[in-house]
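Everything on this sheet refers to the single structure shown next.
Both counts, for ligands and for their atoms, begin at 1 and track the order of listing.
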Amino acid sequence: MTRPYVIGGNWKLQVTSLSEAKRRLEEIDSHLENFDIETFIAVPSVFLYSVSTQNLKLAAEDIHYEESGAYTGATSVLSLVDAGIGYTLVGHSERRIIFKETDEEINKKVKLALKYDITPVLCIGETAKERETGEYKEVLRRQLVVGLQGVENLEKVIIAYEPVWAINNKALNPDTEIKPATPADAEATHSFVRRVIEELYGQNISQSVRILYGGSMKASNAEELLKQPNIDGGLIGGASLKAETLIPVHRICSSLN
Ligand code: PEP
C-alpha cells in the first residue's frame with residue numbers, strides 16, 4: 001500500500017512575533033503550490049487566529065483535554081474549531097517530560113481532537129535510557145495502547161515516532177549526544193510501531209496509518225529516512241522554521257514519490 005507522505009513542522013516557542021511568523025509561513029506556503037504533499041506546521045496558539053495560508057495547513061502544538069473550564073494557560077479544542085485549524089500535536093516529548101503529561105491525559109486529548117474532526121498527531125518516543133536498557137519497546141507499546149484507548153477511527157490519527165534522544169533539545173537530553181536515528185534503526189522501530197497498531201486495529205488500518213519520523217530530520221538525512229518503507233513523512237522541529245531548510249525535504253519527498 002502506498003501511503004501519501006506528510007510533512008509536519010513544530011515551531012515550539014522559537015518564533016515569538018506575529019510579523020515574523022507571518023513572513024515565514026507565507027514564504028513556506030508560496031513554495032508549497034509546487035508540491036502535492038500534505039504539510040502542516042504547529043505554531044504557538046497565540047498566532048492561530050491571525051495567520052492564514054493557502055496550501056500549508058496550520059496546527060496547534062497542544063490542546064487541553066477538557067473543552068473549556070478553569071485551566072489557566074491552556075488552549076481549547078473549541079478555539080481550534082473556531083479558528084478553522086485542522087491539526088494538533090498531542091503528547092510531544094516536551095509536553096510529556098517538561099510539563100509532565102501522562103498517557104491518560106494524552107489519550108483524552110486524542111479523543112477530544114477526533115470528536116471535533118481535528119487530526120491529532122500522536123507523538124510517541126523513548127528516552128536515551130529507555131533505548132539503552134532495551135525497555136523502549138514496552139514504552140512505545142504503552143504510549144500507543146494507552147494513548148489510543150477507546151479511539152475507534154484511527155484513520156484520522158497521524159502517529160509521530162520521535163525518539164527523545166534524537167530531538168534537538170538539550171533540556172531533554174542533558175547527558176547524551178543528540179543525533180538522528182539511523183535509517184535502519186528508525187525503520188525497525190517504525191515497523192514495530194506498525195505491528196503494535198496491527199495488533200490493536202488489524203492489518204488494513206495498520207497499513208494505512210501514517211507514521212512520521214521526528215528527531216533532527218533535515219535535508220541532509222531526509223532522503224535515507226524517507227526511503228524506508230514504514231516511514232511516511234517527518235515531524236520536523238528546527239528545520240521547519242525556514243523555507244530554505246524545509247522545502248528541500250519536500251523536494252526529496254517528490255523525488256521519492
Ligand atoms: C521536534 O521537536 O518534534 C523535533 C523533531 O525537533 P528537531 O527536528 O529540531 O529535532
Side-chain angles (χ1 to χ4, degrees), residues 5-16 21 24 28 38-45 47 56-63 87-101 106 109-110 119-128 130-131 136 139-140 143 147 157-183 185-187 189-190 193 210-226 228 231-250 252-253:
Y5 283 121
V6 188
I7 298 295
N10 178 14
W11 278 10
K12 316 184 183 191
L13 265 192
Q14 314 286 20
V15 178
T16 53
R24 291 176 188 228
I28 292 167
E38 183 178 348
T39 304
F40 66 82
I41 296 194
V43 301
S45 57
F47 297 145
L56 173 63
K57 311 278 195 279
L58 295 173
E61 296 178 4
D62 181 42
I63 52 170
Y87 298 74
T88 183
L89 304 187
V90 177
H92 189 276
S93 293
E94 286 154 14
R95 301 292 319 173
R96 290 177 186 267
I97 295 171
I98 302 170
F99 295 92
K100 310 269 183 276
E101 276 184 17
I106 290 162
K109 294 179 183 200
V110 170
T119 300
V121 181
L122 172 61
C123 304
I124 59 171
E126 80 284 1
T127 62
E130 289 160 348
R131 166 71 49 169
Y136 69 97
V139 170
L140 295 172
Q143 291 175 343
V157 178
I158 295 174
I159 307 289
Y161 168 59
E162 299 203 297
V164 176
W165 43 270
I167 296 179
N168 197 4
N169 179 338
K170 206 58 202 151
L172 299 185
N173 295 294
D175 307 317
T176 42
E177 187 202 345
I178 298 166
K179 49 178 184 335
T182 63
D185 281 348
E187 169 59 18
T189 313
H190 277 237
V193 168
R210 269 95 52 92
I211 308 176
L212 314 187
Y213 168 81
S216 300
M217 186 187 262
K218 45 184 168 315
S220 58
N221 58 29
E223 181 164 2
E224 289 309 312
L225 288 161
L226 292 167
Q228 304 303 317
I231 300 185
D232 308 314
L235 181 55
I236 304 177
S240 73
L241 287 163
K242 292 184 187 159
E244 68 193 65
T245 48
L246 185 64
I247 298 303
V249 179
H250 287 78
I252 290 164
C253 286

Report the residues that fulfil side-chain hydrogen bond (donor to acceptor under 3.5 Å, both in side chains) with H250, sequence neighbours left out, ordered by chain and then residue number.
T39
Residues in the immediate environment of ligand 1 (any heavy atom closer than 4.0 angstrom):
N10, K12, H92, E162, A166, I167, N168, G214, G215, S216, L235, I236, G237, G238
Taking only distance into account, with no hydrogens and no angle test, what donor-acceptor pairs under 3.5 Å do side-chain atoms of residues 218-226 form with protein atoms, sequence neighbours excluded?
from : atom 1 : to   : atom 2 : distance (Å)
N221 : OD1    : K218 : N      : 2.9
N221 : ND2    : S216 : O      : 2.8
E224 : OE2    : K227 : NZ     : 3.2

Closest non-hydrogen atom pair, W11 against P44:
CB-CD, 4.4 Å
Would you say the side chains of T176 and R131 form a donor-acceptor pair under 3.5 Å?
no
Name the atoms and distances for all side-chain donor-acceptor pairs under 3.5 Å in residues 236-244, with sequence neighbours left out.
from : atom 1 : to   : atom 2 : distance (Å)
S240 : OG     : N10  : N      : 3.3
S240 : OG     : I236 : O      : 3.0
S240 : OG     : G237 : O      : 2.7

Closer than 3.5 angstrom, by distance alone: can the side chain of E126 be matched with the main-chain N or O of L140 as a donor-acceptor pair?
no
